[in-house]
Protein chains: 2
Amino acid sequence: MEPRFNLWIEAGGEVAASRWRMELLSAIEEHGSITAGAREMGVPYRVAWQKVHEMEERLGMQLLETQTGGAEGGGARLTEAGREHVGRMRAFCDRADRAIREIYSETFGQSPPD
Amino acid sequence: MEPRFNLWIEAGGEVAASRWRMELLSAIEEHGSITAGAREMGVPYRVAWQKVHEMEERLGMQLLETQTGGAEGGGARLTEAGREHVGRMRAFCDRADRAIREIYSETFGQSPPD
DNA sequence: CCGGCGTTATGATTGCTCTTCATAACGGAG
DNA sequence: CTCCGTTATGAAGAGCAATCATAACGCCGG
């Protein structure tokens, strides 16, 4: 047996934020485009774009500022709200992971892997 | 925006335990049959049976003792391991919910509903 | 002795969500 | 004014999960 746990935040019954989605935003910001961020996360562009679109809709805020055409073909950067969201989300995930891991090992008498 | 969270335990990358599944086992025990438990949880018998089967396989333990035929047609009861699992799982879910709720409100500055 | 009933157990099918493939639009550079 | 890499989105396909349908079991009443 290999116990694990997962965690996300919902808005209106649908996933609005999770660690994976936060990492996606982070990767997009780091590489300057949705395409490169998607490649790093190992998913097709369509998926990455759709997740971002969902997040913006469900969180009710604009996360990315995108630009089409131009010398480099375009690109994407996090908005101020987006950077704020990523920061809070990273803190939330890290703290929650630690807390749950502790409760898990106290309850089940063995520490969860990873 | 209506923030929520969810939480489960995985075994081998697949869901092995969650609050819903724990409530299902609890309902089966309370009513004495998978059929009645499934009805209470609002799912068809097949779904309930499948979830239980999955849980037993992924946790590597027998949770239910079932009986087919007989005066009442049959029934199901939790094994000792099953009762133990339900108890630990309920404690884990309750403690984790409290902890995550607290971390959430500290991080995002508002308390999650429910 | 045997047909009926409520249950467990499982095969087969449907439906739906998510992934993937394909295409349009943009705009600076050569 | 054509080319390139990007954003943006429509449409088709696949995979998975819920649902429907059926077999087997075993006591009980007739």
Side-chain angles (χ1 to χ4, degrees), chain A residues 6 8 10-21 23-58 61-79 82, chain B residues 6 8 10-21 23-58 61-79 82:
Chain A
N6 213 332
W8 72 79
E10 295 184 356
E14 316 213 281
V15 179
S18 69
R19 178 176 282 278
W20 188 89
R21 285 161 128 97
E23 300 286 6
L24 173 64
L25 290 175
S26 199
I28 291 171
E29 172 76 353
E30 181 181 1
H31 292 89
S33 76
I34 300 178
T35 299
R39 190 163 42 236
E40 169 150 330
M41 297 298 288
V43 293
Y45 169 86
R46 176 77 221 231
V47 171
W49 180 86
Q50 200 164 18
K51 300 297 186 190
V52 171
H53 192 70
E54 281 178 6
M55 278 190 277
E56 289 187 332
E57 201 170 59
R58 294 170 185 175
M61 62 175 79
Q62 190 179 355
L63 299 170
L64 248 48
E65 267 178 18
T66 62
Q67 196 171 355
T68 167
E72 308 282 311
R77 290 185 55 85
L78 285 179
T79 62
Chain B
N6 212 333
W8 72 79
E10 296 184 356
E14 315 213 281
V15 180
S18 69
R19 176 175 284 277
W20 188 89
R21 286 161 128 97
E23 301 285 6
L24 173 63
L25 290 175
S26 198
I28 292 171
E29 171 77 352
E30 181 180 2
H31 292 89
S33 76
I34 300 178
T35 299
R39 189 164 43 239
E40 169 149 331
M41 297 297 288
V43 294
Y45 170 85
R46 175 79 222 230
V47 171
W49 181 86
Q50 201 164 19
K51 300 296 187 191
V52 171
H53 192 70
E54 280 178 6
M55 278 190 279
E56 289 187 332
E57 200 169 60
R58 294 171 186 174
M61 62 174 79
Q62 189 179 356
L63 298 171
L64 248 48
E65 265 177 20
T66 62
Q67 197 173 354
T68 166
E72 309 280 313
R77 290 185 54 85
L78 285 178
T79 62

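None of the values given here were measured: they were computed from a predicted structure. Chain naming here is simple, since letters A, B, ... match the order of the sequence lines and numbering starts at 1 in each. What's counted below: heavy atoms across the whole structure, side chains too, no hydrogens, waters or symmetry copies.
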Would B/Glu30 and B/Glu40 satisfy side-chain contact (heavy atoms from CB on, under 4.5 Å), going step by step from the backbone distance to the final call?
-> CA-CA 10 Å; B/Glu30 181 180 2; B/Glu40 169 149 331; 4.2 Å; yes
Would B/Trp20 and B/Met41 count as a side-chain contact (heavy atoms from CB on, under 4.5 Å) if you check the C-alpha gap in whole Å, the side-chain angles of each, and the deciding distance to 0.1 Å?
-> CA-CA 9 Å; B/Trp20 188 89; B/Met41 297 297 288; 3.4 Å; yes
Audit row: A/Ile28, A/Val52, side-chain contact (heavy atoms from CB on, under 4.5 Å) steps and yes/no | CA-CA 10 Å; A/Ile28 291 171; A/Val52 171; 3.9 Å; yes
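We find that NE2 of B/His53 is positioned 17 Å from C1' of D/dA18, with the value rounded to whole Å. The distance from atom CG of A/Leu63 to atom P of D/dT7 is 15 Å, rounded to the nearest whole Å. Straight-line distance from the CD atom of B/Gln67 to the P atom of C/dT8: 10 Å, rounded to whole Å. One atom, CD of B/Glu54, and another, P of C/dA9, lie 15 Å apart when rounded to the nearest Å. Between the C1' atom of D/dT7 and the CZ atom of A/Arg39 lies a distance of 14 Å, rounded to the nearest Å. One atom, CZ of A/Arg21, and another, C1' of C/dC18, lie 12 Å apart when rounded to the nearest Å. Following rounding to the nearest Å, B/Glu14 (CD) and D/dA17 (C1') show an atom-to-atom distance of 13 Å. In this structure, B/Leu64 places its CG atom 15 Å from P of C/dT7, rounding to the nearest Å.
At the phosphate of D/dA17, neither OP1 nor OP2 sits under 4.0 Å from any side-chain N or O atom of B/Lys51. In terms of phosphate contacts, B/Ser33 brings no side-chain nitrogen or oxygen within less than 4.0 Å of OP1 or OP2 of C/dG6. Put simply, A/Thr66 has no side-chain N or O that comes within less than 4.0 Å of OP1 or OP2 on D/dT6.
Side-chain atoms of A/His53 never come within 3.5 Å of backbone atoms of A/Trp49 as a donor-acceptor pair (strictly under, hydrogens ignored). A/Arg58 contributes no side-chain N or O that, together with a main-chain N or O of A/Gly12, makes up a donor-acceptor pair within less than 3.5 Å. Side-chain N or O atoms of A/Glu56 include one that pairs as donor or acceptor with a backbone N or O of A/Leu63 at under 3.5 Å.
Comment: A/Glu65 does not engage A/Arg77 in a salt bridge, judged by the lack of any side-chain N to carboxylate O separation of less than 4.0 angstrom. Using a 4.0 Å cut-off between a side-chain N of Lys or Arg and a carboxylate O of Asp or Glu, A/Arg21 and A/Glu54 qualify as a salt bridge.
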Protein and nucleotides 2-5 of chain D: nitrogen or oxygen contacts under 3.5 angstrom:
| from | atom 1 | to | atom 2 | distance (Å) |
| --- | --- | --- | --- | --- |
| D/dG5 | N2 | A/Gly73 | O | 3.2 |

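Secondary structure note: stems in DNA chain C built from 3 or more consecutive Watson-Crick or G-U wobble pairs under 3.5 Å occupy C:1-30 with D:1-30.
Other residues, nucleotides and ligands contribute only 12 or fewer heavy atoms inside 6.0 Å of the CD atom of B/Gln67. When the shell of 6.0 Å around CD of B/Gln62 is examined, it contains more than 12 heavy atoms from other residues, nucleotides or ligands.
Closest non-hydrogen pair, A/Thr79 versus A/Leu64, comes out as CG2-C, 3.8 Å.
DNA chain C lies under 4.0 Å from at least one heavy atom of each of the following residues of residues 40-50 of chain A: A/Pro44, A/Arg46, A/Val47, A/Gln50.
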